[in-house]
Amino acid sequence: MRYSRKKFKPGKIRLRILLVGIFFTLLYCGIAGRVVYLQVVCGDMLASRASGQYTRTLVTSGKRGTIYDRNHTELAVTVDATSIGIHPSLIPNSVEVAPKLARALNMETKAVRSKLISRQPFVWLKRAAMADEVSAVKQLNLAPEAIAYVPEQRRVYPGNAMAAQLIGFTGIDGNGLEGIEFTWDEYLRGASVRQTILMDAKKRRLGAGEELSGSVDGHNVVLTIDGAIQYIAETALEKAVVDSDADHGMAIVMDPNTGEILAMANYPFFDLNRFGDYHRDLWRNRVVADAFEPGSVMKVFLAAGSIESGMCTPDTVFDCENGAYRIHGHTINDTHRHGWMTVRDIIKTSSNIGAVKISEKIGRKMLWEILRNFGFNTKPEVECPGNAEGRLSYYTQWTDVDMSTIAFGQGISATAVQLVTAVSAIANGGLLMKPYVVSSVVSPDGQVARRRDREIVRRVISETTAEHLKEMMTGVTTEGGTGVNAAVEGYSVCGKTGTAQKLDKDGRYSNRDYISSFLGFAPQHNPRVAVMVIVDSPRKAYYASVVAAPAFKQIVRETLNYFGVLPETDHAGKNLMVQADGGGNG
């Protein structure tokens with residue numbers, strides 16, 4: 001068999017070489033064009049994308065400021081803590097690891113397992129973990145690249161439940177959520193710190209880049225609250241609520257000469273370090289947020305208006321109708337029958353009919369004006385969230401029955417702050433002070449950024465009228481008065497009881513639920529402390545003389561002792577012994 005050799009023409013070979021050369025030339029030009037496009041046109045975008053793959057920006061905050069009481073005792077502080085995070089994809093045996101992590105962190109296994117099977121590249125396992133929890137996790141010897149320990153800060157409240165509703169608390173990220181923590185968050189929180197973290201392809205931390213901004217700690221806030229007086233108020237309030245089987249209770253203590261709030265208590269208490277374990281309703285600061293019908297404590301301000309207007313004196317007499325007085329189809333009753341009584345005795349025995357007769361004499365306009373002057377229906381500018389202004393309708397809208405009920409504290413609502421501020425105006429000689437609970441804000445370097453001092457709102461009554469009212473209110477706590485259980489041995493105590501029916505769900509006054517309160521100050525001639533105690537819905541007894549007055553007495557006695565106020569003496573140099581027996585209407 002013979003083979004033939006095919007002859008190749010040189011022209012065809014050159015053509016093929018040329019085509020291959022053109023192909024590779026175009027290919028190289030395309031690659032070069034793509035490189036130019038990526039480097040020149042898309043360079044910034046690709047550089048940013050690449051940076052995002054191997055860097056992370058960690059944002060932290062400067063240390064949150066401390067909250068102090070007036071004696072610079074710490075009420076809220078920030079401590080260093082560690083948050084624990086994981087990269088779920090780097091933990092292959094999640095079923096085995098989950099129960100171990102749960103035990104170490106005091107968490108439920110189900111919650112931990114759900115984090116371990118997450119599709120997210122990084123999840124927080126526990127924020128602001130305790131030191132013993134961090135140590136327990138480290139002992140598990142998990143892969144270093146799978147778990148991250150991030151330094152953070154934790155808010156701690158040394159007093160636990162002390163002044164909880166006033167102080168408030170922060171969230172896990174350090175933002176104020178309630179109370180002073182919320183209202184003054186702008187000053188308390190530290191400035192943000194941004195830091196670039198370098199990581200490899202397995203998300204392991206390699207190092208840190210440049211810190212973009214410096215750490216600036218937050219300001220410190222100094223309250224007017226005195227920790228010792230706060231403890232006194234909370235102890236007395238708790239006893240009053242528990243002993244009377246009541247729903248809630250409030251107490252507020254004020255320096256009547258300055259408007260400084262020395263204690264603000266709400267019961268039931270809750271632990272600020274575990275606020276999430278309690279119902280949200282307990283977080284509310286009822287002292288400033290709850291307006292209620294105060295009852296007979298309003299008779300003091302009615303008497304102030306009648307004397308200040310010149311229409312009455314403490315000795316002006318009124319017919320109290322032997323215990324029953326009918327107005328436009330409605331009957332006003334007293335617990336005890338009284339005939340003719342002076343204004344002084346009307347306050348001492350807390351006669352509803354006497355109060356109605358006084359209101360009829362001075363008229364609705366005068367009554368409305370004096371109540372407005374004392375600060376009712378005006379929102380107090382206290383540095384707490386949720387301040388209520390109460391309710392006092394305009395006098396032209398009142399019926400005769402409305403005027404009568406307002407005279408003895410029904411048909412009008414007020415907060416505990418409003419009431420203690422108003423009675424302080426009587427205690428200090430007629431000046432309405434602006435109440436406040438924050439005395440100063442101090443920068444981290446010790447400079448005072450803000451300061452609050454005594455501020456007079458206006459004069460509401462003359463010094464002469466104030467002295468008359470002090471004398472009348474002292475009679476309430478002496479034999480035959482409704483507030484004898486508030487008397488403090490060795491001191492002249494000025495006070496007034498208040499027992500008001502609450503509205504039921506149908507809008508009618510209940511025969512079962514009451515607000516029992518006591519409002520007053522001491523000593524009479526040089527008042528150092530004004531106190532308001534409110535007990536909400538007591539079950540065992542409801543008269544203020546039985547429920548609220550003893551708590552008032554305990555707060556006043558222990559606070560005066562704390563201040564070192566010596567017992568008063570009479571002209572013969574003997575201690576004044578105020579009798580604490582007898583009784584009257586609440």
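All residue numbers in this chain count up from 1 along the given sequence.
- Using a 4.5 Å cut-off on side-chain heavy atoms (C-beta onward), Ile180 and Val438 make contact.
- Geometrically, Arg528 engages Phe563 in a cation-pi contact defined by less than 6.0 Å to the ring centre and at most 45° from the axis.
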Set out, in order, the CA-CA distance, both residues' side-chain angles and the distance that settles salt bridge (charged side-chain N to carboxylate O under 4.0 Å, His left out) for Lys470 and Glu467, then state yes or no. CA-CA 5 Å; Lys470 289 180 185 180; Glu467 290 303 317; 3.3 Å; yes
Hey, mind stepping through Tyr68 and Val442 against side-chain contact (heavy atoms from CB on, under 4.5 Å) and telling me if it holds? CA-CA 11 Å; Tyr68 297 99; Val442 182; over 6 Å; no
Residues Asn485, Phe518; criterion side-chain contact (heavy atoms from CB on, under 4.5 Å); working and verdict: CA-CA 10 Å; Asn485 289 327; Phe518 198 94; over 6 Å; no
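- Scanning for ring-ring contact (aromatic ring centres under 6.0 Å, His included) contacts around Phe292 gives an empty result, with sequence neighbours left out.
- Side-chain contact of Glu568 with Ser492: a donor-acceptor pair under 3.5 Å is present, judged by distance alone.
- For Lys299 and Asn352, the side-chain atoms include at least one donor-acceptor pair closer than 3.5 Å.
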Please test Leu188 against Ile67 for side-chain contact (heavy atoms from CB on, under 4.5 Å), starting from the C-alpha separation and ending with a verdict. CA-CA 8 Å; Leu188 286 164; Ile67 299 177; 4.0 Å; yes
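- Checked by atom type, the side-chain pair Asp536/Tyr514 shows no donor-acceptor distance below 3.5 Å.
- Annotation for Asp504: atom CG counts as buried by contact number, over 12 foreign heavy atoms lying within 6.0 Å.
- Proximity of a side-chain donor or acceptor of Gln165 to a complementary backbone N or O of Arg286 within less than 3.5 Å is not detected.
- Here the side chains of Asn220 and Val441 are not in contact, with every heavy-atom distance at 4.5 Å or above.
- Classification of the Tyr267-Phe269 ring pair by plane angle, with boundaries at 30° and 60°, yields perpendicular.
- Side-chain contact of Gln501 with Tyr542: a donor-acceptor pair under 3.5 Å is absent, judged by distance alone.
- Atom CD of Glu234 is separated from atom CD1 of Ile229 by 12.5 Å, given to the nearest 0.5 angstrom.
- With a 6.0 Å radius and a threshold of 12 heavy atoms from other residues, nucleotides or ligands, Glu471 has its CD atom above the threshold.
- Screening Glu74, Glu178, Glu181 for a salt bridge (charged side-chain N to carboxylate O under 4.0 Å, His left out) involving Arg155 leaves a single residue, Glu181.
- Using a 4.5 Å cut-off on side-chain heavy atoms (C-beta onward), Arg452 and Glu383 make contact.
- In terms of modelled atom types and a separation under 3.5 Å, the side chain of Asn387 and the main chain of Cys384 share a donor-acceptor contact.
- In this structure, His219 and Tyr187 have perpendicular ring planes: the angle between them is above 60°, well past the 30° mark.
- Side-chain atoms of Asn71 and Thr73 include no donor-acceptor pair closer than 3.5 Å.
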Please walk me through it: do Ser537 and Lys502 pass side-chain hydrogen bond (donor to acceptor under 3.5 Å, both in side chains)? CA-CA 8 Å; Ser537 301; Lys502 295 179 63 177; 3.1 Å; yes
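- In this structure, CG on Leu371 lies 4.5 Å from CE on Met298, to the nearest 0.5 angstrom.
- Val356 places a side-chain heavy atom less than 4.5 Å from the side chain of Phe408.
- Contact of the Ile461 side chain with the Leu469 side chain is registered, since non-hydrogen atoms from C-beta on lie closer than 4.5 Å.
- Side-chain contact between Thr235 and Gln554 is present, with heavy atoms from C-beta onward closer than 4.5 Å.
- Annotation: side chain of Asp255 is not in contact with side chain of Val529 (no heavy-atom distance under 4.5 Å).
- Taking a 6.0 Å sphere around CZ of Arg451, one finds it holds 12 or fewer heavy atoms contributed by other residues, nucleotides or ligands.
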Ring pair (Phe, Tyr, Trp, His ring centres under 6.0 Å) between Trp283 and Tyr278: does it pass, once the steps are laid out? CA-CA 8 Å; Trp283 301 348; Tyr278 299 83; 9.1 Å; no
Working note: Thr497 + Val297, criterion side-chain contact (heavy atoms from CB on, under 4.5 Å); need CA distance, chi angles, decisive distance, verdict. CA-CA 6 Å; Thr497 52; Val297 296; 6.0 Å; no
I would like to know whether Arg127 and Asp173 meet salt bridge (charged side-chain N to carboxylate O under 4.0 Å, His left out); could you show each step before the answer? CA-CA 9 Å; Arg127 301 290 297 274; Asp173 293 316; 3.1 Å; yes
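- Remark: the Asn266 side chain and the Asn285 side chain contain an N/O donor-acceptor pair separated by less than 3.5 Å.
- Under a 3.5 Å cut-off, the side chain of Arg391 and the backbone N or O of Ala414 do not form any donor-acceptor pair.
- Side-chain atoms of Glu293 come within 3.5 Å of backbone N or O of Gly411 as a donor-acceptor pair.
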Salt bridge (charged side-chain N to carboxylate O under 4.0 Å, His left out) between Lys434 and Asp453, worked out: CA-CA 10 Å; Lys434 182 172 287 188; Asp453 293 311; over 6 Å; no
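- Under a 3.5 Å cut-off, the side chain of Thr559 and the backbone N or O of Val556 do not form any donor-acceptor pair.
- Arg70 places no side-chain N or O within 3.5 Å of a backbone atom of Val222 that could act as its donor or acceptor partner.
- No side-chain donor from either of Trp124 and Ser83 sits under 3.5 Å from a side-chain acceptor of the other.
- Separating the CD1 atom in Ile261 from the CG atom in Leu223 is a distance of 10.0 Å, to the nearest 0.5 Å.
- Here Phe301 and Phe376 bring their ring centres to under 6.0 angstrom of each other.
- Looking at heavy atoms from C-beta onward, Tyr231 lies out of side-chain contact with Tyr562 at the 4.5 angstrom threshold.
- Within a 6.0 Å sphere centred on CZ of Arg539, other residues, nucleotides and ligands contribute more than 12 heavy atoms.
- For Thr421 and Ser424, the side-chain atoms include no donor-acceptor pair closer than 3.5 Å.
- Judged by distance alone, with hydrogens and angles left aside, the side-chain atoms of Arg454 form a donor-acceptor pair with the main-chain N or O of Asn257 at under 3.5 Å.
- Residue Thr399 holds its OG1 atom at 7.0 Å from CZ of Arg364, rounded to the nearest 0.5 Å.
- Shown here for Ala425 and Phe374, the closest heavy-atom pair between the two residues is CB-CE2, 4.0 Å.
- A donor-acceptor pair is defined here as one N or O able to donate and one able to accept, closer than 3.5 Å; no such pair exists between the side chain of Ser393 and the backbone of Gln397.
- Every residue was checked against the ring-ring contact (aromatic ring centres under 6.0 Å, His included) condition with Phe521, not counting sequence neighbours, and none meets it.
- If you check the side chains of Ser350 and Lys496, you find a donor sitting under 3.5 Å from an acceptor.
- A donor and an acceptor atom, one from each side chain of Asn106 and Glu133, are located under 3.5 Å apart.
- Ile167 CD1 to Leu75 CG: the interatomic distance, rounded to the nearest 0.5 Å, is 4.5 Å.
- We find the CD1-OG distance between Ile346 and Ser306 to be 9.0 Å, quoted to the nearest 0.5 Å.
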